[in-house]
Amino acid sequence: ENKLKKKQDKEKRRLKLFSRKGKSKTDATTQNKDDGSSDEEGQSVGESGRLFVRNLSYTTTEDDLRVLFGKYGELSEVHVSIDTITKKSKCFGFVLFLIPMDALTALSALDGKPYQGRLLQILPAQGAKKKMGDADYQSATSSFKAKQDEARRNSKSTKSC
């Protein structure tokens with residue numbers, strides 16, 4: 001009975017963290033002590049609607065996740081990460097809901113529940129990372145000396161006028 005009460009209290013604290021309405025940005029970026037994750041962009045799952053799902057079976061497909069999470073609301077995007085060498089699942093994926101509050105419902109309903117022989121672990125996901133363009137990639141990979149030389153060339157061209 002005591003363990004059940006502790007588990008319920010832990011779940012209440014967790015849901016409060018995910019559904020911070022009307023709080024400032026600094027409150028929304030605090031760390032979740034239960035799972036050690038933090039949200040860099042200051043968005044809680046209630047604002048972004050994006051979930052990170054781990055401990056999936058190797059045989060789980062995107063369609064399987066669509067069926068599972070589709071019960072809780074309309075989905076915008078589903079992705080299961082695939083290893084490029086072995087062409088097998090990496091056992092984690094992402095789900096993006098059209099309505100962010102549906103993500104909260106799915107999180108509370110499915111986290112820790114068995115699915116295809118494994119216990120699902122669902123966490124709020126950070127926004128999708130943007131890919132670097134060619135100019136960004138070139139500046140990120142060039143050496144310190146090359147950057148100094150380029151800056152020197154640029155400064156000489158402006159002084160000659």
Should L65 and L56 count as side-chain neighbours, where that means a heavy-atom distance under 4.5 Å?
yes
Look up atom CG in L104 and atom CG in L51, then write down how far apart they are to the nearest 0.5 Å.
8.0 Å
Using side chain to side chain contact (heavy atoms under 4.5 Å, CB included), reason through Y58 and Q116 one step at a time and then give a plain yes or no.
CA-CA 10 Å; Y58 285 106; Q116 294 183 349; over 6 Å; no
For S89, check side-chain hydrogen bond (donor to acceptor under 3.5 Å, both in side chains) against everything at least two apart and list the hits.
none
Is any side-chain heavy atom of E62 less than 4.5 Å from a side-chain heavy atom of V80?
yes
Between D102 and E74, is a side chain to side chain contact (heavy atoms under 4.5 Å, CB included) present by the stated rule, with each step listed?
CA-CA 8 Å; D102 292 341; E74 194 170 345; 5.7 Å; no
Could you tell me the separation between the CG atom of L68 and the CG atom of L120, rounded to the nearest 0.5 Å?
6.5 Å
Could you list the residues that satisfy side chain to side chain contact (heavy atoms under 4.5 Å, CB included) with T105, not counting sequence neighbours?
Y72
Should I122 and V95 be marked as a side chain to side chain contact (heavy atoms under 4.5 Å, CB included) after you check the CA-CA gap, both sets of side-chain angles, and the distance that decides it?
CA-CA 10 Å; I122 304 173; V95 178; over 6 Å; no
After noting the C-alpha distance and the side-chain angles of F69 and L75, does the key distance pass the side chain to side chain contact (heavy atoms under 4.5 Å, CB included) rule?
CA-CA 8 Å; F69 285 92; L75 300 175; 4.1 Å; yes
side-chain hydrogen bond (donor to acceptor under 3.5 Å, both in side chains) with S57: which residues, sequence neighbours excluded?
T59
CD1 of I99: more than 12 outside heavy atoms within 6.0 angstrom?
no
Residues which pass side chain to side chain contact (heavy atoms under 4.5 Å, CB included) with T86, listed by chain and number, not counting sequence neighbours
D83, K88
Only counting residues at least two apart or in another chain, list the ones meeting salt bridge (Lys or Arg N to Asp or Glu O under 4.0 Å) with D63.
none
Kindly write out the residues that satisfy side-chain hydrogen bond (donor to acceptor under 3.5 Å, both in side chains) with T61, not counting sequence neighbours, or none if the list is empty.
D64
Heavy atoms of D111 and Q121 approach each other most closely as OD1-CA, 3.6 Å
Could you name each residue pair satisfying ring pair (Phe, Tyr, Trp, His ring centres under 6.0 Å) that touches residues 75-100, not counting sequence neighbours?
F52-F92, F52-F94
Under the side chain to side chain contact (heavy atoms under 4.5 Å, CB included) test, residues paired with L96 that sit two or more places apart
R50, S76, E77
